[in-house]
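Working notes for the structure below.
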There are 2 protein chains.
Amino acid sequence: MTWSTAQVARMSKVTSRTLRHYDEIGLLPPSRVGANGYRFYEQEQLLRLQQILVLRELGLGLDAIAEIVRDGRDQAAVLRMHHRWLLAERDRFDRLAKTVSRTITDVEGNRIMTKKSAEHWFEGFDQPTQQHLQQEARERWGESVDTTPKSTDWWRTQGQGWVAIVDELIAHLDADRRADDPAVQRTVEGHYQWIKGHWTPNRESYIGLADVYADDPRFRANFDKSDPRLAEFLRAAITEYANTKLS
Amino acid sequence: MTWSTAQVARMSKVTSRTLRHYDEIGLLPPSRVGANGYRFYEQEQLLRLQQILVLRELGLGLDAIAEIVRDGRDQAAVLRMHHRWLLAERDRFDRLAKTVSRTITDVEGNRIMTKKSAEHWFEGFDQPTQQHLQQEARERWGESVDTTPKSTDWWRTQGQGWVAIVDELIAHLDADRRADDPAVQRTVEGHYQWIKGHWTPNRESYIGLADVYADDPRFRANFDKSDPRLAEFLRAAITEYANTKLS
DNA sequence: GTAGAAGTTGACGTAACGTCAAAGTCAACC
DNA sequence: GGTTGACTTTGACGTTACGTCAACTTCTAC
């Protein structure tokens with residue numbers, strides 16, 4: 001089966017402009033281009049488009065999507081990962097609805113806000129999805145990491161949560177704490193919860209993530225910019241946490 | 001309690017740049033501006049920000065958000081509407097996850113796609129949320145419709161489904177069909193299903209919507225641009241449909 | 001042949017900020 | 001009081017992902 005641009009656009013509810021754009025940037029080349037210059041798509045392209053649209057719904061930029069959606073991967077495994085992400089996003093909207101419920105209660109009770117209660121009003125809005133989802137994909141397929149210069153921006157786009165965690169780790173290092181010190185482990189717990197917002201690592205995968213942090217050249221380079229002790233310290237701290245707290 | 005820009009930004013996870021932007025466009029003016037030029041926010045602004053962020057999460061543009069988020073409305077009623085929208089969006093992500101599940105089954109079974117099955121791959125991606133949510137808000141608070149020039153773009157952003165319905169109505173008028181003609185009623189049925197994708201009108205609210213279409217100056221103006229007979233014809237057709245098909 | 005739908009390329013415009021620079025303000029510390 | 005660093009402002013250019021439009025070609029049905 002083959003589909004024209006308009007047919008694909010109609011089925012998928014994206015515009016032909018979008019399809020052209022995706023072809024231009026190499027994200028979704030058509031199956032073939034006719035002698036008349038017309039684009040034609042087949043099943044493989046439709047599958048890929050679905051994946052693109054899922055990731056777009058999850059808020060990823062096209063750069064990140066290009067990195068995740070690739071030929072040659074086990075498609076069923078990719079789809080299962082997307083499925084899990086969609087369920088996580090579904091749960092986040094549930095959390096947002098609960099946040100609004102709480103606000104309704106506050107407003108109907110004419111509650112005066114304190115500093116503490118104000119923070120509850122914004123629970124669920126954090127969506128550092130792109131970084132997390134890319135991270136998970138990289139952990140899984142790290143060996144095929146894209147090396148385009150644009151990807152070096154990944155570190156720079158990390159959210160505030162991560163920055164705070166790094167700051168704490170550096171403070172621990174400066175206080176000469178060891179990786180298994182309870183304070184250090186609390187920081188790792190914070191990191192774990194941050195990750196857990198979107199996917200829940202088990203022991204193996206959390207340690208695998210620590211290894212990515214320490215071994216991936218770009219992660220490593222960015223850590224070294226902050227403090228040369230960081231990478232190995234984080235690896236040790238995460239490994240300790242995973243071995244004592246996770247299964 | 002008063003909060004500075006940075007405090008609000010931290011709590012809400014938006015940037016100070018965003019808060020400035022929202023002030024500049026009048027979407028979220030601060031509670032007051034100090035002698036030093038600094039912005040300060042209070043509870044009322046935080047409540048409004050939460051509403052803005054909810055609607056942003058739901059994919060609305062800032063124009064549409066400005067139209068929905070207003071002073072003087074029953075805040076509990078506004079929040080309950082947002083709550084319902086969030087649950088609907090949660091359910092849509094559930095549908096998306098089910099779509100991906102189906103794809104996994106197809107891929108693992110090495111199913112060859114037919115024209116029909118290809119359409120299933122894209123279920124759940126339709127999100128004409130902005131139009132529908134604005135419409136619902138207008139139906140509820142139509143009498144306080146904003147008259148800023150920018151809002152006149154609303155009509156232009158209507159989706160294809162709406163355009164097709166209008167085209168059909170004009171065709172019915174040209175064929176001298178009455179509002180209760182079965183063919184006309186089938187068009188209204190199509191409109192009803194289009195609305196029903198996001199909220200289900202009962203008799204009263206569907207007729208109320210028809211009244212909004214005919215009585216709101218901007219709706220009316222846009223209808224008149226297409227055909228001066230349209231507004232009243234649509235009102236009559238919807239009223240007929242609602243009285244015979246809805247309770 | 002004609003008309004209208006469908007499709008292309010090319011190119012400017014848009015929305016919602018992100019980023020950066022320059023400068024002022026504030027608070028803590030010496 | 002001076003210094004430093006965090007905080008805040010205004011101003012302005014840049015970015016992303018298309019939307020919109022124009023001009024032209026191709027296809028299909030009559």
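Each chain gets a letter, A, B and so on, in the order the sequences are listed, and its residues count up from 1. Quick caveat: nothing in here was measured; it's all calculated off a predicted structure.
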How close do [X] and [Y] get, counting heavy atoms only, and between which atoms?
{"X": "A/F40", "Y": "A/N36", "result": "CE1-OD1, 4.5 Å"}
{"X": "A/F122", "Y": "B/M11", "result": "CB-O, 3.3 Å"}
{"X": "A/F233", "Y": "A/R177", "result": "CE1-O, 3.5 Å"}

Under a 4.0 Å threshold between the charged nitrogen and the carboxylate oxygen, would B/D94 count as salt-bridged to B/K98? yes
Taking A/E89 first and then A/R92, would you say they form a salt bridge - that is, a charged N and a carboxylate O separated by under 4.0 Å? yes
Phosphate contact ([N] OP1 or OP2) by [X] side-chain N/O below 4.0 Å:
{"X": "B/T5", "N": "D/dC7", "answer": "no"}
{"X": "A/R39", "N": "C/dT9", "answer": "yes"}
{"X": "A/N36", "N": "D/dT25", "answer": "no"}
{"X": "A/T18", "N": "D/dA17", "answer": "no"}

A/I25 or B/G37: which one's nearest nucleotide on DNA chain D is closer to the 5' end? B/G37
Roughly how many Å is it from [atom1] in [X] to [atom2] in [N], rounded to a whole number?
{"X": "B/E24", "N": "D/dT9", "atom1": "CD", "atom2": "P", "answer": "10 Å"}
{"X": "A/L19", "N": "D/dC18", "atom1": "CG", "atom2": "P", "answer": "10 Å"}
{"X": "A/R56", "N": "D/dA17", "atom1": "CZ", "atom2": "C1'", "answer": "9 Å"}
{"X": "B/Y38", "N": "C/dG24", "atom1": "OH", "atom2": "P", "answer": "12 Å"}
{"X": "A/I52", "N": "D/dT16", "atom1": "CD1", "atom2": "P", "answer": "17 Å"}
{"X": "A/D23", "N": "C/dG10", "atom1": "CG", "atom2": "C1'", "answer": "15 Å"}
{"X": "B/L60", "N": "C/dC17", "atom1": "CG", "atom2": "P", "answer": "12 Å"}
{"X": "A/D63", "N": "D/dC18", "atom1": "CG", "atom2": "P", "answer": "12 Å"}

What's the closest nucleotide to the [X] side chain, out of [options]?
{"X": "B/T15", "options": "C/dG18, C/dG7, C/dC17", "value": "C/dG18"}
{"X": "A/R20", "options": "C/dT8, D/dC7, D/dT9", "value": "C/dT8"}
{"X": "A/A6", "options": "C/dT25, C/dA6, C/dA16", "value": "C/dA6"}
{"X": "B/L62", "options": "C/dA16, D/dT10, D/dC7", "value": "C/dA16"}

Taking atom types as they are modelled, would you say the side chain of A/R17 forms a donor-acceptor pair with the base of D/dT20 within the 3.5 Å cutoff? yes
Base, sugar-phosphate or nothing for A/Y22? Non-hydrogen atoms, less than 4.0 Å. sugar-phosphate
Under 4.0 Å between any heavy atoms, over every strand shown, what does A/S16 touch: base, sugar-phosphate, or nothing? Just pick one. nothing
